[in-house]
Amino acid sequence: MGGNSLLNLLLCDKGHLTKPSNPATAKAVTTTILNHLDSGRLRKAVSILFYAPFPFHFSLYARLFQLCSSTGSRAIVEARKVESHLFTFSPTPPVFLVNRAIEAFAKCGSLGDARELFEEMPQRDGGSWNALITACSHSGSPEEAFRLFVKMSRSGFLPNEVTFASALGSCAAVLALSLSRQVHGLIVKYGFGGNVVIGSSLVDIYGKCVIMDDARKIFDEIKNPNAISWNIIVRRYLEMGEGEEAIVMFFHMFKAAVRPLKFTFSNALVACSSISALDEGIQIHGVAIKMGFDDDEIVSSSLIDMYAKCGDLESASAIFDQPNSKDVISWTSIVSGYAMSGKTWKARELFDEMPERNVISWNAMLAGYTRYSQWEEAVDFIFLMRNTTNNIDQVTLGLILKVCAGLSDVELGKQVHGFIYRHGFSSSIFVGNGLLHMYSKCGKMRSAKTVWFHQISHWRDRVSSNALLSSYARRGRILHVACANIFALEQGKQIHGFMIRNGYTMDTPFLFFSCTLRF
DNA sequence: ATAGGGTTAG
């Protein structure tokens, strides 16, 4: 019990009424609270509730919990006040209301409060388990979500489609393929296979695990795919490097008469740039205008990016020059468009005008200089960057190493290497490759070899001791891979990306998770 | 009585 509820109890013990003396009082206060809520004054409403020494109707608490966690508010203080008041004047509230409280705490970002409340519940229902499992899966605690998922069944509660959807969300977050297959089996067994949310989640997971055939099969079996389902399939094809199929699916969506999400427009447009499909991009632009999406910031910045990457800088500028479409992303897209097409001077002019920059904007400009071997400009820019911002990431460092390589400046390269080492960027494959290239280009083969072995041992330490990394030759193909588990996800992703970029044949990736489900 | 899935720039 927190200090707040203690305060309320003291108020009771001092002889304050636990029930309004006049039955009209509670009703009047409720009306006042509702009026504040209707005008969007959540804090004021909660404050009035908090100091009222009598209970309210449960539906009011339910509504308040929901508002505390609705998008944008994340009002943890208010959620705690509502909970405190509820328990003070209704010591044994109905289970559904406690479930709402758990959800509110979780959505406000306090998994601790949610967990504590769950632990202290004298009675639980399936919804309580679902609330906490969802909370864990949203708070970056997938392991705990899995544990609860298993524990739930052992405690005699049957998982329903919400449970499965949350469990699959956790599977996707850590690419737990083997676990997903087990959960998939249970879903079929329990008869939830036809659920659109679950089907979409499965498409998402199999796609992320690079098993696109399975993903597509499951997608085709969804009876009425909704906008999110379509978004997933378009995105997964895009990430597989199958831009054409992504675009095809985008247009299929219209035949199915499903209104796309703005992110689906983005994904489809990125697919267009990935295969330089300007004509299709123009068609999608037309569709966006027809459907009233063209003044959306996300869609318009994606359009700018698509036109820029397809080499149509005029159309890109035309959209960029329209009012209300200039966020950092649009700015970065247009700068990148000029920079990567060799017009670095124009790009720099725009870059200098940017009202706001982030590390990606800086990298976009630097990438232009390195791509066109403008080493002097690049070096000046790097020093400017160092003096202007502390925002540096592995992409910046990779680009700086390219500059060192371009200049064959091993002394500068060594300094950068030192920086990388001191700031813990060594594990990034992007940086590692940059170092390798830099040392080789400068003729320092011994250093290159050292970097290589360090890189390899790094993977071995971080990946294989936790999970499994096996590369093996078979039938003349070069390399097959088994991937990482949840403790080495970042490394697993890096290896995966490395393999895709370098054209290795991909066998079914194995992802291991130490928990085997028993039902 | 409810809850669950996806996310543009280097």
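Heavy atoms only: backbone and side chains are in, while hydrogens, waters and symmetry mates are out. Per chain, numbering begins at 1; letters A, B, ... match sequence-line order.
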Rounding to a whole Å, what distance do you find between [X]:[atom1] and [N]:[atom2]?
{"X": "Phe58(A)", "N": "dA1(B)", "atom1": "CZ", "atom2": "P", "value": "15 Å"}
{"X": "Trp230(A)", "N": "dT7(B)", "atom1": "CH2", "atom2": "C1'", "value": "19 Å"}
{"X": "Lys208(A)", "N": "dG5(B)", "atom1": "NZ", "atom2": "C1'", "value": "9 Å"}
{"X": "Tyr307(A)", "N": "dT8(B)", "atom1": "OH", "atom2": "P", "value": "21 Å"}
{"X": "Ile360(A)", "N": "dA9(B)", "atom1": "CD1", "atom2": "P", "value": "8 Å"}
{"X": "Phe351(A)", "N": "dA9(B)", "atom1": "CZ", "atom2": "P", "value": "18 Å"}
{"X": "Met152(A)", "N": "dA3(B)", "atom1": "CE", "atom2": "C1'", "value": "11 Å"}
{"X": "Ile102(A)", "N": "dT2(B)", "atom1": "CD1", "atom2": "P", "value": "17 Å"}

So what does [X] touch, heavy atoms closer than 4.0 Å: a base, only the sugar-phosphate, or nothing?
{"X": "Ser166(A)", "answer": "sugar-phosphate"}
{"X": "Val203(A)", "answer": "nothing"}
{"X": "Thr163(A)", "answer": "nothing"}
{"X": "Ile232(A)", "answer": "sugar-phosphate"}
{"X": "Asn231(A)", "answer": "base"}
{"X": "Gly127(A)", "answer": "base"}
{"X": "Asn130(A)", "answer": "base"}
{"X": "Ala367(A)", "answer": "sugar-phosphate"}
{"X": "Asn267(A)", "answer": "nothing"}

Look at [X] together with [Y] and state whether they make a salt bridge at an N to O cut-off of under 4.0 Å.
{"X": "Asp214(A)", "Y": "Arg181(A)", "answer": "yes"}
{"X": "Glu83(A)", "Y": "Arg80(A)", "answer": "no"}
{"X": "Arg147(A)", "Y": "Glu144(A)", "answer": "no"}
{"X": "Lys217(A)", "Y": "Asp213(A)", "answer": "no"}
{"X": "Glu119(A)", "Y": "Arg115(A)", "answer": "no"}

Nearest to side-chain heavy atoms of [X], which nucleotide of [options]:
{"X": "Val162(A)", "options": "dG6(B), dA3(B), dA9(B)", "value": "dA3(B)"}
{"X": "Asp305(A)", "options": "dG6(B), dA9(B), dT8(B)", "value": "dA9(B)"}
{"X": "Phe96(A)", "options": "dT2(B), dA1(B), dG5(B)", "value": "dA1(B)"}
{"X": "Glu103(A)", "options": "dA9(B), dA3(B), dG4(B)", "value": "dA3(B)"}
{"X": "Leu261(A)", "options": "dG6(B), dG4(B), dA9(B)", "value": "dG6(B)"}
{"X": "Lys309(A)", "options": "dG6(B), dA9(B), dG5(B)", "value": "dA9(B)"}
{"X": "Asn160(A)", "options": "dG4(B), dA3(B), dG5(B)", "value": "dA3(B)"}

(message) Minimum heavy-atom separation for Ala131(A) and Ile102(A), please, with both atom names.
(response) CB-CG2, 3.9 Å
(message) Would you say Arg236(A) places a side-chain N or O within less than 4.0 Å of OP1 or OP2 belonging to dT7(B)?
(response) yes
(request) Ignoring backbone atoms, test whether Arg357(A) places a side-chain nitrogen or oxygen under 4.0 Å from the OP1 or OP2 oxygen of dA9(B). (result)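 No, Arg357(A) has no side-chain N/O under 4.0 Å of OP1/OP2 on dA9(B).
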Is any N or O donor-acceptor pair between the side chain of [X] and the base of [N] shorter than 3.5 Å?
{"X": "Ser201(A)", "N": "dG5(B)", "value": "no"}
{"X": "Ser301(A)", "N": "dT8(B)", "value": "yes"}
{"X": "Asn358(A)", "N": "dA9(B)", "value": "yes"}

(message) Quick check on Asp38(A): does its CG atom have over 12 non-hydrogen neighbours (other residues, nucleotides or ligands) under 6.0 Å away?
(response)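 Yes, the 6.0 Å shell around CG holds more than 12 heavy atoms from other groups.
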